[in-house]
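Sequence positions, counted from 1, serve as the residue numbers for this chain. Note that these values count all heavy atoms, side chains included, but never hydrogens, waters or copies made by symmetry.
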Amino acid sequence: MREIFEGLPWWVKWVAVPAIALVVFGGLILSLLGFVIGLLFKVLLFAALVGGLIYVVRKFISSSPSSSSRSDW
């Protein structure tokens, strides 16, 4: 493979081949990128919801009259 590219001009190696790769695999790259961004968004949303739930539960427990005995958990 190296011998094939050695005789070619620089613009073929650094411009034309990557451009062809983007045209051929562009849809795949975009769908993978969309999947990763969507997954990251869902993980962050999950963490925020769990954190909010923990905050609300602790706030509710600390304001309840029987907060002195937490051994019933």
Side-chain angles (χ1 to χ4, degrees):
M1 192 72 166
R2 183 172 290 225
E3 295 86 20
I4 295 172
F5 281 108
E6 280 185 14
L8 297 175
W10 67 269
W11 60 269
V12 173
K13 291 187 262 188
W14 298 106
V15 177
V17 173
I20 292 171
L22 281 176
V23 168
V24 172
F25 297 110
L28 177 66
I29 293 170
L30 285 177
S31 65
L32 285 175
L33 191 63
F35 174 75
V36 169
I37 290 173
L39 186 64
L40 181 64
F41 175 75
K42 288 178 184 178
V43 167
L44 289 175
L45 181 65
F46 176 75
L49 289 174
V50 169
L53 177 66
I54 291 171
Y55 175 78
V56 167
V57 168
R58 286 190 178 179
K59 200 69 144 164
F60 178 73
I61 287 176
S62 68
S63 67
S64 66
S66 66
S67 64
S68 60
S69 69
R70 293 187 181 177
S71 61
D72 56 344
W73 283 87

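- For Leu28, the side chain to side chain contact (heavy atoms under 4.5 Å, CB included) partners two or more places apart in sequence, or in a different chain, are Phe25, Ser31, Leu32.
- Qualifying side chain to side chain contact (heavy atoms under 4.5 Å, CB included) partners for Pro9, counting only residues two or more places apart in sequence or in other chains: Trp11, Val12.
- Note on Leu22 and Val24: same hydrophobic cluster, where clusters join Ile, Leu, Val, Met, Phe, Trp and Tyr whose side-chain heavy atoms are under 4.5 Å apart, directly or indirectly.
- Ile37 is not connected to Val43 by any chain of hydrophobic side-chain contacts under 4.5 Å among Ile, Leu, Val, Met, Phe, Trp and Tyr, and they are in different clusters.
- Cluster membership for Trp10 and Val17, using ILVMFWY side-chain heavy atoms within less than 4.5 angstrom, is shared.
- Linking ILVMFWY side-chain heavy atoms closer than 4.5 Å, directly or via other members, places Leu8 and Trp14 in a single hydrophobic cluster.
- Here Leu45 pairs with Phe41, Leu49 under the side chain to side chain contact (heavy atoms under 4.5 Å, CB included) rule; sequence neighbours left out.
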